[in-house]
Amino acid sequence: MLMNRLETMAVNSPPRRALQRYVETPILRRLGGRAAGAHALEIGCGSGYGSKLILDQFGAASLDAIDLDPAMVERARRRLHRYGDRSRVEQGSVTDLVTVAGSTEPVYDAVFDFAIIHHIDDWRAALHEVWRVLKPGGRLYFVEVTATALARPSYRRLFDHPEHDRFSAGEFLAGLNSAGLDVAERWTTIVGGDYLLGVAHR
C-alpha cells in the first residue's frame, strides 16, 4: 500500500532521517553487526536515505532497492547516483522479489526493512519472500511499527495503513519464525510496545 502525502512528507523529513541515522542504525548494528561486503536489498526504499546508510554505515558492497512509488524510485536513483554500479533501484513489490533479485535462487546476504512491512496487506507473504531471496546465513535487519502504534489517534488520523491483520511485536516475531527466519530475544529491541527493531537470520 502506498503512503499518503502526509506520511511521505514525514518519512522524508529531517527528524525522521536523524532518527534513522542516529538511533535505528546504531541499534541494528549493535544487534546484528555490520554487513561489510554484503550484496544487500532494501525493501521500500523511499527516497533512498536508508539505502545510503546501508552502503555507508553498514558497509554493504552493493545494494538493490525497491519501492512501489515511481516518484520515490526516481528520487532514490538521484540520491544514489554517485555510487555508480554499486546501487540499483527498481519499482517493485516486496511480495514479488524475483524481478529485482534477477533469480528465483537466494542472492542476498542482507535485507533491510526500515518500517515498510506494516504497510503490506499480506505481511506474512512478504516475510516468506524475504526468506526466499536471503542466502543461508543471511540477515534481515528490521524496524517495524506494531498494531499498538497504528491504533493511536495520531496514526489513525494522519496516515493510511492496512486495517486488517495488523501485528503485535510478538506476532511479528512469530511470523519471522514461521517464515524460516530465526530471531531470538538478544537480537531484538521493543520500544514501548509500539516499535520493534531487530535482526533475523536465515
Side-chain angles (χ1 to χ4, degrees), residues 1-2 20 24-25 28-29 31-70 72-73 76-77 80 83 85-145 162 165 167 171-184 187-188 196-202:
M1 145 176 251
L2 290 174
Q20 196 171 7
E24 294 172 0
T25 293
L28 292 178
R29 285 180 58 180
L31 294 171
R34 297 179 77 237
H39 180 38
L41 168 69
E42 185 185 8
I43 55 176
C45 66
S47 67
Y49 188 77
S51 303
K52 186 175 181 297
L53 294 176
I54 294 164
L55 291 164
D56 293 345
Q57 302 295 320
F58 287 91
S62 60
L63 175 75
D64 292 340
I66 63 164
D67 200 279
L68 273 179
D69 188 337
M72 289 296 102
V73 168
R77 284 175 176 163
L80 299 174
Y83 293 94
D85 59 8
R86 289 181 62 201
S87 70
R88 181 168 63 103
V89 186
E90 301 291 343
Q91 185 178 4
S93 168
V94 183
T95 55
D96 181 12
L97 295 174
V98 173
T99 301
V100 68
S103 171
T104 58
E105 300 298 316
V107 296
Y108 295 109
D109 304 296
V111 174
F112 288 80
D113 159 31
F114 286 109
I116 197 65
I117 289 178
H118 71 279
H119 284 279
I120 300 169
D121 286 294
D122 193 351
W123 60 272
R124 291 177 180 86
L127 293 180
H128 280 279
E129 190 71 348
V130 167
W131 173 88
R132 190 185 62 74
V133 300
L134 269 175
K135 294 178 183 177
R139 288 162 287 176
L140 167 64
Y141 295 79
F142 59 86
V143 178
E144 269 308 327
V145 182
D165 198 24
F167 51 76
E171 287 166 341
F172 186 77
L173 296 177
L176 289 169
N177 283 318
S178 294
L181 295 163
D182 182 28
V183 62
W187 299 329
T188 61
L196 177 66
L197 297 88
V199 179
H201 299 247
R202 188 190 193 285

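None of these values were measured; they are calculated from a predicted model.
Rounding to the nearest 0.5 Å gives a distance of 11.5 Å between OG of Ser47 and NZ of Lys52. Taking CD of Gln91 as the start and CE of Met72 as the end, the distance is 12.0 Å to the nearest 0.5 Å. Atom CD1 of Ile116 is separated from atom SG of Cys45 by 9.0 Å, given to the nearest 0.5 angstrom. Interatomic distance, CD1 of Ile54 versus CZ of Phe112, reported as 5.0 Å (0.5 Å rounding). From Leu127, atom CG reaches atom CZ of Phe142 across 9.5 Å, with rounding to the nearest 0.5 Å. Residue Leu134 holds its CG atom at 8.5 Å from CG of Asp109, rounded to the nearest 0.5 Å.
At least one side-chain heavy atom of Leu140 sits under 4.5 Å from a side-chain heavy atom of Leu176. Residues Leu97 and Glu129 have side chains in contact (heavy-atom distance under 4.5 Å, counting atoms from C-beta outward). At a threshold of 4.5 Å between non-hydrogen side-chain atoms, the residues Leu63 and Tyr83 do not count as touching. At a threshold of 4.5 Å between non-hydrogen side-chain atoms, the residues Arg29 and Tyr141 do not count as touching. Looking at heavy atoms from C-beta onward, Val111 lies out of side-chain contact with Arg139 at the 4.5 angstrom threshold. Within the 4.5 Å cutoff, side-chain heavy atoms of Leu28 are placed close to those of Phe114. Thr188 has its side chain out of reach of Val199: every pair of non-hydrogen atoms, C-beta onward, lies at least 4.5 Å apart. The shortest side-chain heavy-atom distance between Val98 and Ser103 does not fall under the 4.5 Å cut-off.
For the pair Ala76 and Val89, the tightest heavy-atom approach, listed with the atom from each and the gap, is CB-CG1, 3.9 Å. The two atoms that bring Ala126 and Thr95 nearest to each other are N-CG2, 4.0 Å, heavy atoms only. In terms of heavy-atom proximity, Asp113 sits nearest to Glu144 at OD2-OE2, 2.7 Å. Considering all non-hydrogen atoms of both residues, Leu80 and Gly48 come closest at CD2-O, 4.0 Å. Between Arg202 and Pro106, the shortest heavy-atom contact is NH2-CG, 4.2 Å. Nearest heavy-atom pair, Leu196 versus Phe172, reported as atom, atom and distance to 0.1 Å: CD2-CD2, 3.5 Å.
Side chain to side chain, Ser51 and Glu42 meet the donor-acceptor criterion of an N or O pair below 3.5 Å.
Checking side-chain atoms of Asp67 against main-chain N and O of Gly46 turns up a donor-acceptor pair under 3.5 Å. In this structure, the side chain of Tyr108 does not engage the main chain of Asp64 through any donor-acceptor pair within 3.5 Å. Within the 3.5 Å criterion, the main-chain N or O of Ala60 finds a donor-acceptor partner in the side chain of Arg86. No donor-acceptor distance shorter than 3.5 angstrom exists from the side chain of Glu90 to the backbone of Ala65, with no hydrogens or angles considered. Judged purely by atom type and a 3.5 angstrom limit, Thr25 uses its side chain to pair as donor or acceptor with the backbone of Gln20.
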Between Val73 and Leu68, does the side chain to side chain contact (heavy atoms under 4.5 Å, CB included) criterion hold? Intermediate values first, please.
CA-CA 8 Å; Val73 168; Leu68 273 179; over 6 Å; no
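The pair Arg124-Asp165 meets the salt-bridge criterion, with a side-chain N (NZ, NE, NH1 or NH2) lying under 4.0 Å from an Asp/Glu carboxylate O.
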